[in-house]
Structures are given as structure tokens and as C-alpha cells.
Amino acid sequence: MAISEMEKVGIIAHHSLRKGILDRLQDLGVLEISEDEKELFDEFVAPSGELGELERRLGELSYCLDFIGKYRSEKPGIVQSLFPSPIHMEKEDFLNCSFDYIPLYKTFLGWDEELNNIRSNLNRLNSNLEFMKRIQSVKVSLENLRGTLYTRSFLLEVPPEKKDVLEEKLKGKDLIWLGEEFPGKGKNTWWWVVIHKSGEEVMGEILAELSLSPLSLPHPFEGTPQEVIEDLEHRISELQEEQSKLLEKAALQEKFEEEFKILYDYYLSLWERHQSETKLLKTKETCYISGWVKKEDLPRVEESLSQVGKEWVLYHREPEEGESVPVVLENNAWVNNFAVLTHLYGLPNYTEIDPTPFVAGFFFFFFGMCLGDVIYGLILALFGFIAAAYLDVSDSTKTFMRMLAWGGVGAMLVGVCTGSWLGDLFDYLPSSLSFLTTLKNSLMVIDPLNNPLPMLIFSLGIGIFQILIGIMLSTIKEWKRGHHAVAIMDHLSWFVFLVAIVLYIVGIAALPLLASVALPVVIGSAIFLVATQGRHQKNPIMKFLSGLMSLYGLVSYLGDTLSYSRLFALGLSSTIIAILARTLGSLFGGYPYIGWLLALMVALVFHIFNLLMSGLGAFVHSARLQYVEFFNKFYEDGGKNFKPFGYKTKYVKIS
Amino acid sequence: MIDGLAFALLGSALAIGLAGIGSAVGVGIAGEAGAGVLTEDPNKFGQILLMQALPGTQGIYGLLAGFWVLIKLGLFGGTPVDIDPAQGVQILFACLPIAIVGLLSGIFQGKTSAASIGMIARRPEETGRAIILPAMVETYAVLALLATILLLNSIQV
């Protein structure tokens, strides 16, 4: 139920044992190698040449995996890509994995290049084809456009309004020319004009005057446009055939994906080992491994070292103040389902309180209040527990699913109390099922639909409860650290003050006797706060004033408490949308024959939508209440996660 | 003479319409940012979708408030209640908190979501915090919904 106790470990060993020790440590996976004691020895172990080699191989392997992913025939479904299932392997098989990927890698490279070439050729041919289609009607061999010793040729796209003008101008000048006309796009025509080269300048002037520009070919084509088009189409279809053959072959490589993944992880683990080696310090004859290990795992480290040889020394000590100690949260199985919430916010410092047990309880209940419906909760719980048990996904995904499932259980509990079973559906059951309606009504404690105030007050009450727990935790924390004055004056006094205020308000509302008892405590603790909160000031007037000002902190506690009203609002919201689903569905129920089906479908769509959105809201707002309202009372994050040296894998799960 | 019902329906329509606009704009803003990130990294689809859905709640709150008005007036399957203009205006005013706050908070939550999506793109390990930031904006929509529900509940028809 807390943060695991860590020990700082130092191992000094002869160089001959280095590899063996590192192998054992990686196998154990309980020690995080740190490099924070550089001052002890002269220098780090030099990075081995293999590190670069491994990085190169990892790069090549991830290229291969990308290649397979790019050309695979079946893309993975949404579920598979969101929750990829790991490859299960025995440790021995993993460590002995052998797969010569180089030939495949080279083939892939070749294919990639070929495919790229084909793609760029296809692009070029297609743009030529498009160009040719513009002048398809021109029945002139294109090599004629290049001109001869005495002639120059032009291919002009002439809009209808310029046609006569052009002809007139050509005739009017002293030009030897020959023209032929072909149909173009729309009303435009293509003019093929051949002139004697002496008329080149005059022709240029005419074209400039009419702002016509002769067509220039992107490529020296031969033959008429029609012939060129046929040739291009032929070449394109050839290339496409080649491309699809290659793509087919590439798609077949999917069968090697698992091998590539395993090998990738294998090299990743090797890389991790060589990388860790560079964190070691060395002298001429020895190397020094320093790191963190959980106190309970210490004997296992010593035992496995003794299997390597005798030339080593291990010493260990408790963490010193100010050291940055990696953090592991250890809680019972139920609380552990909610540890992800603490991780999301940021781990506590090593010397802090682990908030997870409190977060677990509150989140469970808050999520339940926000979703607040028996059937929704049941669906979520069933889905979560079954998915966690049977889906082949990573452990962290499983934990997350179990957390949602427990939230669903919370929603069932709250839903029973508020009488929300798919909204008010159970009030409209056929008479044969009326016992369910009776059951629902007999279990209902509070009816937030018709009488919202009690539920609102309950939400605020839960909020005050959580805030008080938070203040109490910080009191305990400060007391344990020996800051007794701070604990009493800054935290416990507020605790008493707030409790007294709540009791006084309850007293005024219901029990006059309680109010008369609570009032002196309210006044007393307020005076105590005024007297103590200004203690850092020197000037006595300032002492009093800043003490008085501190009572203003009550406003922030009030704001925090009101924030918990969201529990009520969100719970009510999911119930009302569920009622909306039922009401809208029943509007369609009256149609003949398929009315019931329409009603069911409309209701189902709304219910699914509501479950998803309310579930999202329940998660986000329950988490927010922990982070913003609860944590700011006592919690300091900034701890770093414990990352023991082991087999770091991306795809494989080693058993 | 104007029936009270018209005012009440105006309130219902404003709640559903304005809060819906707020969510639509918000989800749109977040979606634009999300699509940008997804072109770079399609694997983040799950997280991005979550972030885009966050500003969608205002529309639901508005729908809920509007629906509550219809239920209260017995327009859904019950016997329609006669209300006088004063009651109608009361209902209209009761709908305003979620209508106005839904509209504006939806838009601002969308902007925060878009920023958080950028944060997820650069630092995927911070997804938890990135989700909380837009949720801070939503608080005020929840409070407005609460106000609307309590106000509606206090009007006798």
C-alpha cells in the first residue's frame, strides 16, 4: 500500500565478469542502472562498436516492417490497430532467435526502387498522354513541327473570334505560307502553319499581336498524335502490369512480418544491453555498476551474481536525502487497477504518500455517480472484464479495461440507488415483467429526477469528504516529516474549521443542538487560524492582517466543493438522455409491422451514443476531480518511473 | 395573445440550438487539428478521436435541457400542460444558462482540445494531462447545465 522501498546498489566486478553480470541482470530485470556517481571513478566504459552496428540493423529492420506494412494486402482492423496483440514467446526461443533478414532486406530495397521508378515513369507518361489528347485531331506527323532547312512550322490553338483575323493577317503580309486546320477543344481550332524561314520575324509579330503562342512539345515525339497516343497507352499498360506483379509479390512478404518483429525486439534488447554498458564506470581492472533495486529483490540480485563468478563486490544502502529515487507503486490487486490514474498525473516523489488507494476508492464511486445507470454499468462491466480476460492485448490495456469495468460496477451500485435502469425504461415494461419494476422501486433510495436537491447535496457532501481526506493526508505527511507546527497550524486547523462549519450548517438545517455545539468550534478555530497564519510576518499589525486574510482561503474550499456538483449533473444527464432514447423510440413504436424494429433501432443508437459520451465524461470528470480538487491539498508529483534494465521489447511478450 | 408555450419552446430551442452550435464549432476546431496530426501519425487515431469528442458534450447538455422542457410540458407522450405567458418566459430564462454557456464554452473547449491535440502529437506520454485541460473548460458548461436543471425544476407548471 505504498511506494516500494528502494536500495541503492553498487557492484564492483572484474572486467572478465562484465558480460556475464550484465546478461544476468538483464535476465532478472529488477535493477535500474543509473549514472549518478561519476565522481567515484575515472571514466565510463567506452561504447562498443556494436552499438552503431545494432542501430543500423534496427533501422534496416524497421524499414522492412514499414515496407510490409505499406504493401500488405489486408490492413489491420481498428481494434487490432488500437490494441495490437503481442507475440508470445518463451525466453529461450527469443534469445536464440535466428533469422537472416539481409537477403529480404536487399530484395525489398530493390523492389522499392523499381516501384518508385515505375511510379515516376507512369506519372511522366500519363502527363504526356494528357498533352497528346489535346491535339489528338491533328493529323500531322509531329517531327514536322521541328522545321526544315527552309521552313518553320507552328501549331496554334486559335479561338473562333481570332480565326479570321489570323487568316487575314497571314494573307496581308508578304509571306509564303501554308496552313491546315483541324478541330480542337470546343469551338477552338488547331492551325498547323508552315512558313518560309524568311517570314519568321513577321510571323512572330503577328502572333504577338493576336497574343497566340505556338504549342511546344514536352518531348520530341515522332508520328501523328494518334500514333503517339497509341504508343503511350501501350507503354502505360505494360508498366501497370509490371507494377501490379511487383505489388503482388510485395504483399506476399506479409508472412515474414512476425520474424521481422521478433528480430527487431531481439536487437532492441541487445542494443539496450550495450547502451547500459556505457553507463558503467571503469578502472583499469574493474567496472562499477550502480543502480536502484527494490529492497525485496536484493537477495535475487546477489544470488544471480554468485552464479557468474567470485570476482565481485556488492554493497547497498538506503537512499539519501535529495537523491532522485525511481518510484514503484505497490498496492493490492484492486487498487492497482486504478494506478494508471496516478501515472497519468505524474508519479509521487519517493518521500511522498502514494495517493492511489484513495484515488481508487473515489474514482470508483465518482465514475459510478457520473454514469449512474444500472444497465450501462452492467454493459461496461461485462465488456471490460471479458475483454480484459480474453483479449490478447498488453497488460496496461488490460488494466485500463478493468478500471473501466470497475467504474461500470460503481455505476450499477449508484443506478440501483437512484432507480435508473436504462433511464426509466423499467417503468414501461409489459405487465408480465412488472416484478422488475417493483424490484427497481423497492431498491431506489433517492429519486434525482423528481427531487434533485438531495442528490445535489449528497454530491457536495462527498466532495467535502474528499477535500477533508486531502487535508488530513497533508497533516499526516507534515507530521511524519517532523514539521509538527506546520501540520497543526496550516492543515489540522483548517480541517477542524471546515468540519465545524459543515456541522454548524447541518445543525442549522436540522439539529439546533448540534449548531450550538459547533458554533464555538467554528469561532475558536477561526481565531486560531487568524492567530497562526500570519506568523511569518514580523510586524504585529501585519501578523494580524495576514492571519485575517487567510480566512479568505475558505472561498477556495467553497469553490472546490461546488465543483463536485458535476457528479450530480453528469449522473442526471446520462439518465435523462436514456429517457430521451426511450421516448424517441416509442414515437416510432406505433407504426404497423416494423414499428417495434424502428423503435428498437432508434433507442439503441441513442443508448450507444449516450453510453460512449457519458462514459467519456464520467472518466474525464472523475479524473479531474482527483487531479484538481483532491491532489492540490496534499500531493506533490515529480517522481520518476522505475525502469529496470531488462528485455525491452516492442512487439514480443516474453514468458 | 401569445401562448406561454411559445416562450417555453423558444427556450428549449435555444438550449438545443446554441449549445449544439458551440459543440459543432468546438468539435470542428478540434477535428481540424486532429486531421493534421493524423496525416503525420495515423496510429494516434484513438487518442485524437477522444480529444475531438471532448467539446461534444455541450450539445448533449443542451439537448438534455431542451428535452427536459418538453417532458415538463407533457409534449412527449403525456398530456400537454397549459401554461400562461409568465411561466413560459420563466422556462425561457431557465434555459438561458446552458444555451449561452454551452455556445461559448463549446468553442473555447474546442480550441483547448486542438491545442491539446498538438501536445499529444509532440509528447504522446502526456495524453493524461492533455485530456484534463479541455475538461477544465467544460466545468462551466456542467455548472450551467446544473443551473438550468435546478431552475427548471423550481418552476411549477
Side-chain angles (χ1 to χ4, degrees), chain A residues 69 75 78-79 81-84 340-346 370 424 428 448-453 456 459 559 562-563 565-570 572-577 579-584 586-587 589 606 609-610 612-614 616-617 619-628 637 641, chain B residues 16 23 27 42-47 49-72 75-78 98 109 113 125-154:
Chain A
K75 303 280 175 209
I78 279 198
V79 176
S81 59
L82 282 183
F83 310 113
V340 59
L341 292 166
T342 314
H343 280 271
L344 278 179
Y345 183 83
C370 291
D424 59 356
Y428 295 85
L449 276 177
N450 295 316
N451 192 10
L453 224 48
L456 178 61
S459 301
L562 288 179
S563 179
S565 63
R566 79 185 66 225
L567 292 175
F568 158 70
L570 290 171
L572 199 58
S573 135
S574 61
T575 305
I576 296 179
I577 301 282
I579 297 177
L580 176 64
R582 199 234 346 121
T583 325
L584 284 182
S586 64
L587 287 183
F606 260 82
F609 174 72
N610 187 23
L612 289 179
M613 289 305 281
S614 297
L616 174 65
F619 173 76
V620 166
H621 286 282
S622 306
R624 175 226 138 99
L625 286 174
Q626 317 295 331
Y627 295 163
V628 182
D637 65 340
N641 202 2
Chain B
I16 299 175
S23 270
V27 172
N43 293 331
K44 293 210 173 79
F45 182 66
Q47 291 142 302
L49 189 69
L50 193 75
M51 300 303 301
Q52 195 193 353
L54 283 179
T57 38
Q58 279 82 352
I60 300 177
Y61 299 155
L63 179 69
L64 189 163
F67 178 66
W68 188 306
V69 171
L70 299 185
I71 288 190
K72 201 174 174 68
L75 294 175
F76 252 125
I98 189 58
Q109 194 175 357
S113 263
E125 71 278 5
E126 299 290 359
T127 307
R129 294 170 196 204
I131 290 178
I132 294 304
L133 296 184
M136 302 297 288
V137 183
E138 192 176 314
T139 300
Y140 304 99
V142 177
L143 293 181
L145 172 67
L146 190 70
T148 294
I149 288 177
L150 292 178
L151 288 173
L152 279 176
N153 203 62
S154 65

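Order of the sequence lines fixes the chain letters, A, B, ..., with proteins taken first and strands second; residue numbering starts at 1 for each chain. The figures here come from the full heavy-atom set of this structure, side chains too, leaving out hydrogens, waters and symmetry mates.
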Problem set entry | Interchain contact, A:I577 with chain B, by part (heavy-atom threshold 4.5 Å) | side chain

Problem set entry | Which portion of B:L70 sits near chain A, non-hydrogen atoms under 4.5 angstrom | neither

Exercise. With side chains defined as the heavy atoms from C-beta onward, is the minimum distance between A:L453 and A:L456 less than 4.5 Å?
Worked result: yes

Exercise. Do you know which of B:L54, B:V142, B:T139 has the most heavy-atom pairs under 4.5 Å to chain A?
Worked result: B:T139

Problem set entry | Test item: A:S614 and A:L570 side chains (from C-beta on) under 4.5 Å apart, heavy atoms | no

Seminar exercise, completed: Value for CD1 (B:I131) from OG1 (B:T127), rounded to nearest 0.5 Å, stands at 6.5 Å

Seminar exercise, completed: So, the part of B:I60 with a heavy atom under 4.5 Å from chain A: the answer is both

Seminar exercise, completed: So, the part of B:I132 with a heavy atom under 4.5 Å from chain A: the answer is side chain

Exercise. Given the rule in the side chain to side chain donor-acceptor pair (under 3.5 Å) test, do B:E138 and B:Y61 qualify, once you have shown the distances and angles that lead to the verdict?
Worked result: CA-CA 11 Å; B:E138 192 176 314; B:Y61 299 155; 2.9 Å; yes

For this session: Please flag which part of A:L616 lies under 4.5 Å from any non-hydrogen atom of chain B: side chain, backbone, both or neither.
Result: side chain

For this session: Check whether any side-chain heavy atom of B:I98 lies under 4.5 Å from a side-chain heavy atom of B:L64, and answer yes or no.
Result: no

For this session: With a 4.5 Å cut-off on heavy-atom pairs, point out which of A:I576, A:L341, A:L344 contacts chain B the most.
Result: A:I576

